[in-house]
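Beneath this line is the structure, given in structure tokens, with notes to follow.
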Amino acid sequence: MTEKLINVTEPSLPPLIEFIPYLEKIWKSKILTNGGPFHQQLEAALCEYLGVNHICLFANATIALVTALQSLRITGEVITTPYSFVATAHSLLWNGIKPVFADICLDSLNLDPSQIESAITPQTTAIMPVHCYGHPCDVDAIQRIADEYNLKVIYDAAHAFGVNNKNGSILNYGDLSILSFHATKVFNTFEGGAIICQDKKTKERIDHLKNFGIVSQVQVVAPGINGKMSELNAAFGILQLAGINAALEKRRRIDALYREELKGVQGIRCLTQSGEKVSNYGYFPILVGGEYPLKRDALFEKLAAHRVHARRYFYPLISDFPMYRNMPSAAHSNLPTAVKAANEVLCLPIYPDLEHSDLKMIADLIKT
Ligand SMILES: *Cc1c(COP(=O)(O)O)cnc(C)c1O
């Protein structure tokens, strides 16, 4: 018997028939892009759902990251994490900014505030942390450092859709936060992204920058890019949003079931959640430690042999890719915790429609 293929994630799609009325509206209005009615409607709906003041929709999160840095006129050096998807640091290179890598904490796998300060130089202008796997950074400690050294904070919040702490949305920390709505993320618009900002003026500036810098028919104020989200993507987002709470609840149950199944397995550590309602259960990372009989890569291969495609996020570290590895801050001696995490982490399949029997099968493969 051939076993069925299980990927690390699969997008949840509403029934196709439900999307038809949206398409009909687009066809009828003939408004396909440029801040049309669905674009406006999705911005309003997301502000309300996420509990944020202003949002600017984008074609994807990478263009949003690049534009976010431009909107704050960031230059020089930016301190960031090596333990992320490569787009985080690439957005700096696209702006001619030098990334400076600092190490992460072993418990959260987020940028370690105590490592940030020693990475600051006279050229440092900002910090770009990542809420890795949707687990919030130590936002208060990071803000204290930013305030003391007069630095901007731009969060790559690509994983942090709907993540709250006791004060509300985690997206309200720092100067700007960037979401990704890529197909593999918790909330998707096929491709898409957004910048969260705190005031109307900043939103206007970002909206100009994502539309070539155009302010009016005769006025162009900056060398902006084309980063706009289309009506098709925005309409799909509105439909997706209607099902998001149900999807998050299914993810929560899968997360709890994995924790139950893997409890007490020697050498396997599940990342802990800090408190209630913090996570969006977008990822299920485990760390395969020394007491486990197999190395991480051997477990990865074993699962793959049973058609279970877990992913080694984030391996290799960003700082190990050729365009970064010769930078002084990329040295492994500077990043011991990130190196350890990259060698031990495995993200197990998690998505709303993952069958509980399949989850049990995956857990059994890990246990035996
Ligand atoms: C997915 C992701 C991005 C890029 O998002 P796109 O929408 O695909 O451009 C950036 N940073 C992190 C941490 C991501 O996981």
Side-chain angles (χ1 to χ4, degrees), residues 7-11 42 46 55-70 78-95 97 99 101-102 104 108-111 126-137 153-163 170-171 173-174 176-196 206 210 225-230 232-234 236-237 240 271 279-285 311-321 323-324 338 341-342 345 347 350-351:
N7 271 317
V8 71
T9 187
E10 84 181 17
L42 182 59
L46 284 173
I55 191 166
C56 310
L57 297 178
F58 274 80
N60 60 67
T62 305
I63 298 277
L65 283 164
V66 170
T67 306
L69 290 160
Q70 292 191 351
V78 171
I79 297 167
T80 190
T81 171
Y83 191 80
S84 178
F85 180 61
V86 71
T88 309
H90 275 5
S91 72
L92 298 170
L93 288 196
W94 271 88
N95 279 300
I97 296 163
F101 298 105
I104 58 173
S108 66
L109 306 185
N110 286 327
L111 205 50
I127 309 168
M128 184 182 271
V130 177
H131 300 298
C132 194
Y133 309 127
H135 298 226
C137 291
V153 182
I154 299 143
Y155 282 103
D156 180 340
H159 301 176
F161 185 90
V163 173
I170 203 73
L171 304 171
Y173 288 86
L176 299 172
S177 291
I178 289 80
L179 287 168
S180 171
F181 306 147
H182 184 258
T184 54
K185 305 298 205 278
V186 162
F187 170 82
N188 88 80
T189 57
F190 286 31
E191 291 268 6
I195 301 179
I196 311 300
I206 292 168
K210 77 174 188 190
I225 196 139
N226 181 359
K228 305 186 299 292
M229 179 183 279
S230 84
L232 204 64
N233 300 94
F236 185 75
Q240 271 292 77
L271 233 59
S279 181
N280 57 18
Y281 315 101
Y283 299 83
F284 197 86
R311 288 293 294 267
R312 289 168 289 190
Y313 297 138
F314 287 99
Y315 166 87
L317 293 175
I318 297 177
S319 46
D320 282 340
F321 289 120
M323 60 299 283
Y324 301 105
V345 73
C347 284
I350 184 166
Y351 46 88

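Atoms considered below: every heavy atom in the structure, side chains included; atoms not considered: hydrogens, waters and symmetry mates. When a residue number appears, it is its place in the shown sequence, counting from 1. Order of listing sets the numbers, starting from 1, for every ligand and every atom in it.
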Protein contact to atom 12 (C) of ligand 1 [nearest heavy atom, distance to 0.1 Å] = Ala158 CB, 3.4 Å

Where does the angle between the aromatic ring planes of Phe314 and Tyr133 fall among parallel (under 30°), tilted (30 to 60°) and perpendicular (over 60°)?
-> parallel

Side-chain donor-acceptor contact under 3.5 Å, Glu191 with Asn233 = no

Hey, which atoms in ligand 1 end up nearer than 4.0 Å to a heavy atom of Thr62?
-> 4 (C), 6 (P), 9 (O)

At a 4.0 Å threshold, what atoms of ligand 1 neighbour a non-hydrogen atom of Asp156?
-> 10 (C), 11 (N), 12 (C), 13 (C)

Within the structure, does Phe314 bring an N/O atom to less than 3.5 angstrom of an N/O atom in ligand 1?
-> no

Does a sphere of radius 6.0 Å around CZ in Arg312 hold more than 12 heavy atoms from other residues, nucleotides or ligands, not counting ones at 6.0 Å or beyond?
-> yes

Ligand 1 to Ala61, heavy atom cutoff 4.0 Å, flagged ligand atoms 4 (C), 5 (O), 6 (P), 7 (O), 9 (O)

Taking the six-membered ring for Trp, are Phe190 and Phe236 parallel (under 30°), tilted (30 to 60°) or perpendicular (over 60°)?
-> perpendicular

Looking at Ser180, which atoms of ligand 1 are within less than 4.0 Å of one of its heavy atoms?
-> 1 (C), 5 (O), 6 (P), 7 (O)

His159 to ligand 1: N or O pair under 3.5 Å?
-> yes

May I ask you to list the atoms of ligand 1 that are less than 4.0 angstrom from any heavy atom of Gly192?
-> 7 (O)

Cation over ring face, Lys210 and Phe58, 6.0 Å, 45° = yes

Please work out which of Lys185, His131, His90 has its closest non-hydrogen atom nearest to atom 2 (C) of ligand 1.
-> Lys185

Report yes or no: do His182 and Thr184 form a side-chain donor-acceptor pair below 3.5 Å?
-> yes

Which residue and non-hydrogen atom of the protein lie closest to atom 3 (C) of ligand 1, and at what distance in Å?
-> Phe85 CD2, 3.6 Å

Pick out which of Phe321, Tyr324, Phe85 makes a ring-ring contact (aromatic ring centres under 6.0 Å, His included) with His90.
-> Tyr324

Hey, what's the ring geometry for Phe181 with Phe161, parallel, tilted or perpendicular (30° and 60° as the breaks)?
-> perpendicular

Check if Ser84 has a non-hydrogen atom at a distance under 4.0 Å from any atom of ligand 1.
-> yes

